[in-house]
Every structure is written in C-alpha cells, then in structure tokens.
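Okay, so here's the structure we're looking at.
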Amino acid sequence: MQKNRITISGLFAFALLFSLVACKDTSVDVEEENETITTVKLNFTSGGTTQTFVFNDPDGDGGNAPTKFDNISLKPNTSYTLTVELLDESKNPSESITEEVKEESDEHLFVFTPSPASLFTYTYGDKDARNFPIGLTGTLQTGATGTGKLKVQLRHQPPVNGKEVKDGTPIPGSDDVNLDFNVNIQ
Amino acid sequence: MIDPMKKSLLIFIYFLYLSSFAQTKEETPGVHCDCFIHGVVLDNTTKEPIVGAVVFVKEQNKGTITDINGHYHIANLCQGTYTVVGRIVGYQEKTYTIKLLHEAEQEIKLSEGELHLANIDIKAEKIDNLTQTKNVLENAALDQNRGQSLGETLKQISGVTTLQTGSSIAKPVIHGMHSNRVLIMNNGVRQEGQQWGSEHAPEIDPFVAKKITVLKGAAGVRYGSDAIAGVIMLEPEALPDSTRMSGEINTVYFTNGNQIVTSGIFEGGIRPKKAAVPQSFGYRVQGTFKRGGDISTPDYRLSNTGVSEINFSVSADYKRRNWQSEIFFSQFNTQIGVFAGSHIGNVTDLIEAIKRGSPLNIYTPEKFTYTIGRPYQDVQHNLMKLKSTHQLKSGKLSLTLGRQYNYRKEVDILRGDKNLIQLFQLTTYTGELLFEHKPLFKLLTGSVGINTNFQQNLTTGTLREPRSSTVLIPNFQNLTGGVFLIERIVKNQWEVEGGLRYDFRNLDVYRIPRGQQAKVESKKQNENFTGTFGLNFRPNSQLNFLFNLSSAWRAPTVNELYSDGVHHGAASYEKGDENLNAEVATNLSFTANYITKLFQLELHLYNNYIRNFIFLSPTGRPTLTIRGAFPEFWYAQTNARFRGIDLSGNFQIHKHISLNSKLSYLQAQDITHTQPLIMIPPNRWENTLRYEWKKSGISLTNLYVARQSRVPTKVIFSEIPTDEIIFNQYGGDFAPPPSAYMLWSAAFTQQLKFNNRNGIYISLTVNNLLNTSYRDYLNRFRYFADEIGRNFVIRAKYSL
C-alpha cells in the first residue's frame with residue numbers, strides 16, 4: 001500500500017513539473033508580411049498634361065476581383081514620359097512600394113512589352129548602381145493608331161546566395177507585377 | 001559468423017548437452033501447449049547474427065540451434081514462465097525470462113569473452129498488433145542508411161516511398177498517402193508539426209531510433225485519428241540496467257554536397273548492490289551534427305540546397321521492482337535551403353521554367369558552397385516525455401505524458417528585410433493512460449486506454465486576437481480525446497483480435513479572413529467511432545496468414561478548411577473549404593508470409609476505401625492577381641480507393657549469394673469522378689544481389705520506377721464553366737508525369753573487430769552509380785530540376 005502511494009505521488013509530481021514547464025503565454029508578431037502590391041499607377045506625361053491609368057485590387061491576391069483595371073488610351077506618334085507608382089492600399093495608411101523598389105533598384109527591373117510590337121517603343125530613363133536599367137521612369141513613343149496590349153512586369157531579381165543576378169534582361173527572378181493593360185491608340 | 005568446422009562441432013556439443021537432460025514432458029491440464037518462442041541471436045557489439053548458437057528453454061529441456069540467419073524457433077511449449085538460455089563457445093551465456101501466452105519474440109544478445117555478467121531478468125515480452133502487417137528496420141538495415149533523412153531511410157520497405165521538395169525535404173508516403181494520413185510515433189508520443197504541407201519534413205533525428213516499425217494500413221483504434229495509411233514508430237533501445245558504460249559513434253560522409261554527419265550515443269547505469277529492493281538507474285545522452293552544401297545533379301549544381309542540423313537527446317530511467325519511470329527530452333534543429341530556382345512568381349514564370357528544361361545558369365553555380373541563403377526553412381522541435389509503468393497483479397498500467405513545441409520559420413525571397421513569410425508556433429500536450437490486463441479466463445488478453453491531445457498554434461498576434469490576415473495557417477486551439485479497447489484470443493494456430501474506439505475533436509479557430517479587418521471565430525466539432533478486426537492463422541512454422549479489417553478517421557485540418565492564398569513554390573492559388581467533413585477509411589488487407597531457411601516471401605494485398613477523402617484539386621481556372629495569373633486549387637472531397645500489392649522476397653541462391661526483390665504496385669482511384677487521383681507514387685521494382693563472405697559483403701541494387709500513367713484527365717468542379725478552364729492539358733497539372741527511370745547502386749560492407757567490445761563497421765555505397773539524369777513524379781521540383789546525381793557514401797560505426 002505504502003509503495004502504491006509513493007508511485008501515485010510520484011506520478012503527480014511528474015504531472016505538476018510538466019505543467020510548470022508548459023505554462024508560457026506568448027505573442028507572435030509577423031510584422032514583416034508577405035509583399036502586397038494592391039495598386040499600379042501608370043502616369044503618361046506629354047506636353048505638360050498627365051494621364052493616369054490604374055490597376056487596383058484592394059484586398060490583394062484572391063478574394064474580391066480587382067476594382068479597377070483601366071484601359072489605356074494614348075495619342076498616335078507621341079512621345080510620353082512614363083513613370084510607375086506602386087502602392088499597398090491594404091494597409092491603413094497606404095504604403096508606397098515605389099520607394100522600396102527605388103532603394104533596391106539593383107534587384108528590380110520593370111519590363112514594358114507591347115503587343116503587337118508596332119504599338120510603341122519604350123526606352124529606359126533610369127539606371128541602378130551597376131548601370132542596369134530600372135524602369136521607374138522612361139520614354140514611350142507611340143506608333144500609328146491601333147489597339148493592343150501593354151504588358152507591365154516588375155521582375156524581382158534578388159541575389160542568389162549573395163551573388164548579384166540582375167543583368168538587365170527580364171530572365172532571372174520572378175514576377176512581382178504582371179499585368180496586361182488594354183491599349184487604344186487613337 | 002562461424003566457419004563450418006566450428007559449426008559441426010557445436011552441433012555435436014549441443015546434442016551431448018541435450019541428451020544429458022531427462023526427457024520428460026509435463027502437460028498442465030487447461031493450459032495451451034502450442035505456444036512458441038522465436039527470435040534471433042545477435043552479437044551484442046556488432047549486432048551481427050550468430051549462426052549455430054544453442055538456444056534452449058531450461059524448464060522444458062527443449063532447444064534448438066540458430067540457422068544461417070541467426071534465427072531460432074522453439075515450438076510446442078505450454079503457457080507459462082520460462083527461462084530461455086542462449087549460448088555459444090566464445091560468448092558468455094545469457095538468460096532471459098519470458099512469460100509465454102502464445103508466442104513470444106526474444107532477441108538474444110551475446111557478448112564475447114568471459115566478462116562476469118549476472119543473469120538479468122528482462123520484462124515479459126508482449127507483441128502488439130500481431131494481426132496487422134508490420135515491417136521492422138533495425139541493426140544492419142538501419143546501419144546501411146545512417147545519415148539519411150527519415151523518409152529516405154524508410155524507402156527500403158516495399159509500399160513506402162517519399163514525397164519530396166527538392167533533395168533535402170522528404171516525407172514518407174505509405175501506400176500513396178502522406179502527411180496527415182501517416183502517423184509518426186516518436187518514442188511513444190505522436191509527432192505533431194509535420195502534418196501540413198508537403199514541404200514539412202518530419203522533425204526527427206533517425207539516430208535516436210534503434211528500431212523503426214512501419215504498420216501498413218489503417219490503425220485508428222490503437223493510435224487514434226490520422227492513422228489512415230499507416231503508422232511509423234521510432235523506438236530507442238531500452239535504457240541499460242547494468243553498470244557497464246557503452247557507446248557508439250556514427251560518421252557518414254556523402255560526396256555529393258560534401259555532407260558530413262556525425263552522431264554519438266553514450267549510455268550507462270547504476271545498480272546498487274546492497275539495496276533492500278532490486279532497483280536500477282539508467283541514462284543515455286545522444287547528439288547528432290549534420291552539415292551539407294549545394295548538391296549536384298548529373299549535369300549541374302543546384303544553388304542553395306544546403307542543409308544543417310544539430311540535434312540532441314537525453315534520457316534516464318529508474319526501475320524498482322514493479323515500477324519504472326522514464327524521462328526523455330530531445331531537441332531537433334534544422335536549417336534547410338530551398339533551391340533558389342524554385343521561387344516562382346506566377347504561372348508564366350513556371351511555364352518558362354518548364355520550357356527551358358533545366359534551370360537558368362544563375363541557379364546552377366560552378367562554385368560549391370555550404371552557405372544557406374533565401375529561401376530557407378528554420379525549424380526547431382522539442383519533445384519532452386515522461387512515462388511511468390506500474391506492474392499490478394491484474395496487469396500493467398502505464399501513463400505517458402508528452403509536450404512538444406514546434407517552431408517553424410519559412411523565409412522566402414521578398415523585398416528588402418521583409419523576408420519572413422510564415423511563422424508557426426505549435427505547442428502540443430499529449431497524454432495516454434494505458435492498462436494492459438493479464439489473461440482473463442486464460443484466454444483473453446488485451447488493453448484499454450485513454451488518449452488526450454491539446455494543441456495550440458500561434459501564427460499571428462495572440463491566440464484569440466490575430467493581427468494579420470495573410471497567414472497561411474490561422475491561430476487555433478485543438479482538443480482531441482479518445483477511449484479504446486482491444487482484445488485478443490489465441491487458440492491453437494488461430495489468433496483473433498478485435499477493437500473499438502471513440503474519438504472527439506473540438507477545434508477553435510481565430511482568424512482574420514483575407515483582406516478583412518475583423519476577427520472571425522469558428523468552432524468545429526467532430527466525433528467518430530472506429531473498429532478493427534484481425535485474424536492470424538499459422539498452419540505451420542513456415543506459413544503465416546494475416547487478415548485485417550480496420551477503420552480510421554481524420555477530421556479536416558485548418559489548412560484544408562481555411563487556406564486562402566498563393567503558394568509560391570508551387571505557383572498555385574490554394575483555397576480551403578469551411579464545410580469539409582471528416583474522412584473515414586476502411587482498410588481491408590491480407591498478408592501471407594512464407595519462411596524457410598533459404599526462402600522468405602511476404603505478399604501484402606490491400607484495399608483502402610476512403611469516404612470523403614480530402615485533397616487539393618485543380619480548378620483549371622486562373623486566378624488573376626497583380627503578379628499575374630495563378631492556377632487555382634480548391635480543397636475538395638471525394639470517395640477514393642487505394643488498392644495495391646506489396647511483394648518482397650529473399651532467396652538464398654548459394655551459401656554466399658542472396659537475392660532480394662521488392663515490388664510495390666498501387667492504383668488510386670477517385671470513385672466519385674471516375675478518374676485516377678493526382679500525385680500517386682508510380683509502381684516500382686527493386687532487386688538486390690548480395691555476396692557475403694566472413695565479415696564482408698558486396699551488393700548491387702537495381703531500382704526501376706515506372707512512369708505514372710494513371711493521372712486525372714478532367715477538372716472535377718462542375719460549378720466552373722468550361723470556357724473558364726484553361727489549364728486542361730494534364731488534368732490541371734502543369735507538365736506530364738516524368739518518364740520511367742532505372743537506377744543502379746552498389747555497396748561494400750566490412751566488419752572489423754579489435755576485441756570483444758570494440759568494433760568498427762565500415763561501408764562504402766555508391767548511389768546513382770551511372771549518374772543517371774531523372775525526375776520523380778513525387779518531387780515538387782520536378783518541373784524545373786533533375787534529381788541528385790552520383791553520390792559516394794562512406795559510413796563508419798564505432799562501438800565502444
């Protein structure tokens with residue numbers, strides 16, 4: 001009987017020790033969230049007037065469909081200065097991602113692809129520290145009248161194991177932005 | 001091993017020995033006398049089988065000699081308690097006490113030399129799950145795979161494969177199922193943390209285990225929910241109860257990735273000589289270090305595929321007459337680099353990667369490095385276990401308590417310092433109270449038990465106040481409990497086992513749905529009954545038939561219920577379904593075993609029907625995000641059937657030559673939608689030819705893996721208009737299954753012995769001998785990269 005009591009009290013002592021080790025209240029903060037870009041603004045400036053075309057998906061990936069996906073309409077045979085603005089509007093107040101891209105220009109590249117190719121030509125207007133283009137600002141020369149698409153890509157090309165990979169081409173890395181805007185040149 | 005001369009001499013001595021006993025047979029009325037004892041006699045140091053050792057039952061004057069594999073079998077014994085003696089010239093005699101009810105398995109370990117060693121009583125052997133098919137890996141089978149991950153180690157069992165994410169993350173797959181449907185019992189405690197997602201490898205150091213058992217098929221009654229495809233049990237050796245100190249050092253070097261693995265075990269005990277009550281104290285410390293760099297395929301090196309691991313465990317126990325308490329603590333730490341070329345932005349990136357055929361040059365560097373960069377995983381897993389066992393007059397009572405803490409960080413390539421994509425903190429408490437009763441009416445043996453499991457996951461804010469809406473797995477609290485009863489009747493050559501179980505689960509989830517601000521609380525409750533029935537028939541000592549019908553269930557997990565977001569490595573948009581029901585498996589299996597001295601064969605047939613099988617199915621429709629189009633995947637339910645054949649055989653062709661053959665065949669069908677299920681391991685056939693002489697061995701292995709021809713062809717969701725489906729080519733998959741492949745490997749093993757205690761076991765293995773380029777259907781990186789190329793492995797085990 002005595003032995004049994006020792007056993008049982010032993011078990012309880014273990015259980016107690018166990019629960020002591022266990023009690024710990026914690027709070028986690030994942031401040032550093034997944035990159036969210038909700039808004040892409042394309043500013044076309046020509047002769048002092050600026051037109052802005054917007055893609056906006058305020059709740060990010062999935063969820064509700066994008067609330068705004070503008071059709072771009074431009075004049076033929078005109079030279080525009082094109083600047084890009086990126087925003088995260090899922091946060092309050094909204095955050096500018098443009099600044100981040102600027103700060104890390106050595107691992108970002110905007111790519112503007114017309115289809116058909118005759119729609120316009122694009123020339124980069126900025127360079128990073130290693131003399132590769134960025135695309136936050138540039139010149140877009142429209143061709144004759146027509147309709148087509150403008151593919152806007154932001155390629156994220158971070159170093160691989162500490163080694164730079166950005167080489168001025170869109171090949172390395174992955175898309176942070178990939179949008180096909182309808183374009184109407186008239 | 002012992003040469004033939006010595007062997008015949010031994011046989012002669014043995015017969016002299018037996019004839020010196022008076023041959024009287026006693027039969028006690030009412031007790032069964034068709035029991036038997038079997039097992040293997042091993043060298044305690046090298047764990048090599050001893051041929052020609054004498055094993056006899058002292059009380060019955062019955063004995064035998066071990067065969068060429070060290071096996072012995074003593075039949076026609078009555079129920080009772082016996083003293084089993086193992087002896088051979090050059091070794092010390094060893095005695096074991098066995099309580100025999102029907103069948104007992106006793107491994108006899110003999111030590112060389114004439115060291116004094118008191119007869120030690122070993123607790124009665126019990127055999128679990130005699131009516132369920134199990135495969136055991138220990139001794140040589142483990143030694144030959146040391147240094148590899150748990151998943152890779154288990155691949156040598158037919159019917160077991162791996163699901164891989166690159167080369168460093170491998171999860172065991174049993175009969176085509178994995179993760180949530182494979183339960184892992186780590187030292188008696190169910191491992192919690194590895195279930196979600198294919199890239200969560202089991203956080204276990206295989207060096208802790210001296211024995212790994214795989215139960216194939218549903219085993220829900222004994223082990224609770226989730227044991228749908230099978231159970232993997234890892235067990236360390238019993239702690240020592242003698243004062244002798246011993247240890248073992250394992251070192252492994254892999255040329256591919258320059259991986260070094262070192263693991264050490266040191267153990268000992270204290271046994272007071274003049275104590276009033278017999279008692280003993282045992283302890284063990286163990287630690288493992290692993291470091292590997294970028295691995296290479298036959299044609300290129302893969303950037304950021306290094307791995308690093310530091311693990312340790314300590315355990316101690318105290319035994320006193322009929323009471324035993326044990327404490328165990330282990331910590332597992334790993335950092336795993338994820339192949340840099342696998343970060344896929346969207347489906348365009350993925351299609352480009354598939355088109356290229358091999359990764360871009362920037363992801364296949366010339367220069368080797370150990371450095372692990374982004375993306376990577378950083379995981380820590382702690383396990384603490386307390387177990388007390390009390391031997392009562394009516395049976396054995398044991399209480400097992402466990403606490404696990406799983407910390408997982410998944411770091412991806414994002415802008416700037418914003419790189420922490422996911423963080424999981426999972427704390428789990430488990431408890432089991434088990435009572436194994438002594439035979440009732442000298443017929444019925446069995447056990448009754450209660451399990452509880454309490455779990456908390458924290459990914460954002462505090463448990464009830466989540467702060468972020470972008471987490472993959474929300475905060476939750478989970479309570480499960482179950483009671484079970486399993487009883488067994490043994491009569492003549494027959495054995496019948498039956499069991500019942502009741503389980504419940506309460507899940508409380510605290511989350512902020514994507515893109516919203518307000519917290520939502522959800523409660524889920526499930527309960528279920530499961531049952532098992534097994535039959536074992538042994539017409540003679542060479543044949544054994546097993547028949548088993550078991551059920552198991554699994555409640556949907558949080559990721560299946562609430563996932564909502566892009567999965568980067570897979571370039572997919574995954575969406576959970578809040579209304580999923582629990583899935584229930586009914587597994588029917590039949591196993592036949594035939595064993596003679598020169599021939600061993602095991603045939604396992606199974607049919608696992610799963611009602612409400614939960615899986616991730618492509619919708620074929622792209623979801624538009626700012627990063628481009630992502631193929632959409634929904635968690636769905638269907639009725640599924642997994643049926644297959646596992647066949648393994650061992651043939652002793654010649655005194656020195658043996659052939660081992662393993663075949664796994666599986667068909668998994670989505671019955672509701674009458675098409676095959678996605679991501680099912682293809683059929684495989686493996687053959688090993690082995691030549692052994694003295695203490696050396698050479699083997700050559702060929703593995704053939706067929707192409708998976710059974711893949712789904714259509715999208716299962718009727719609510720999706722056909723004109724929206726664009727990914728329709730491979731039933732929603734991005735590329736067709738890879739071609740069949742054939743791999744060769746070779747091994748050389750050598751035992752060296754310095755004296756009776758110290759010995760070295762050395763082996764040299766070449767995996768992928770011909771440096772074959774191939775891709776595996778169950779590797780998630782098969783879209784962009786080849787599998788690992790030729791790999792020389794040098795292993796050394798030093799016992800002291």
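The structure presented is a predicted model; accordingly, all values stated were derived computationally and were not measured. Side-chain atoms are counted along with the backbone in the values below, which use heavy atoms only and exclude waters and symmetry mates. In what follows, every chain begins at residue 1, and chains take the letters A, B, ... in the order their sequences are listed.
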Any residue of residues 177-186 of chain A which, by heavy atoms, sits under 4.5 Å from chain B
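From residues 177-186 of chain A, the residues near chain B are A/Val177, A/Asn178, A/Leu179.
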Using a 4.5 Å heavy-atom cutoff, which residues in residues 39-53 of chain A come close to chain B?
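Only A/Thr39, A/Val40 of residues 39-53 of chain A have a heavy atom under 4.5 Å from chain B.
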Distance (rounded to the nearest 0.5 Å) between B/Glu352 CD and A/Asp175 CG
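With rounding to 0.5 Å, CD (B/Glu352) is 10.0 Å from CG (A/Asp175).
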For chain A, which residues of residues 359-369 of chain B have heavy atoms nearer than 4.5 angstrom
B/Leu360, B/Ile362, B/Tyr363, B/Thr369
Side chain from CB out, backbone as N, CA, C, O: work out which of these in B/Asp294 comes under 4.5 Å of a heavy atom of chain A, or both, or neither.
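The answer is the side chain of B/Asp294.
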Ignoring hydrogens and angles, write down the donor-acceptor pairs under 3.5 Å from the side chains of residues 134-147 of chain A, residues two or more places apart or on other chains.
| unit_1 | atom_1 | unit_2 | atom_2 | d |
| --- | --- | --- | --- | --- |
| A/Thr142 | OG1 | A/Lys75 | O | 2.7 |
| A/Thr142 | OG1 | A/Asn77 | N | 3.0 |
| A/Thr142 | OG1 | A/Thr78 | N | 2.8 |
| A/Thr142 | OG1 | A/Thr78 | O | 3.2 |

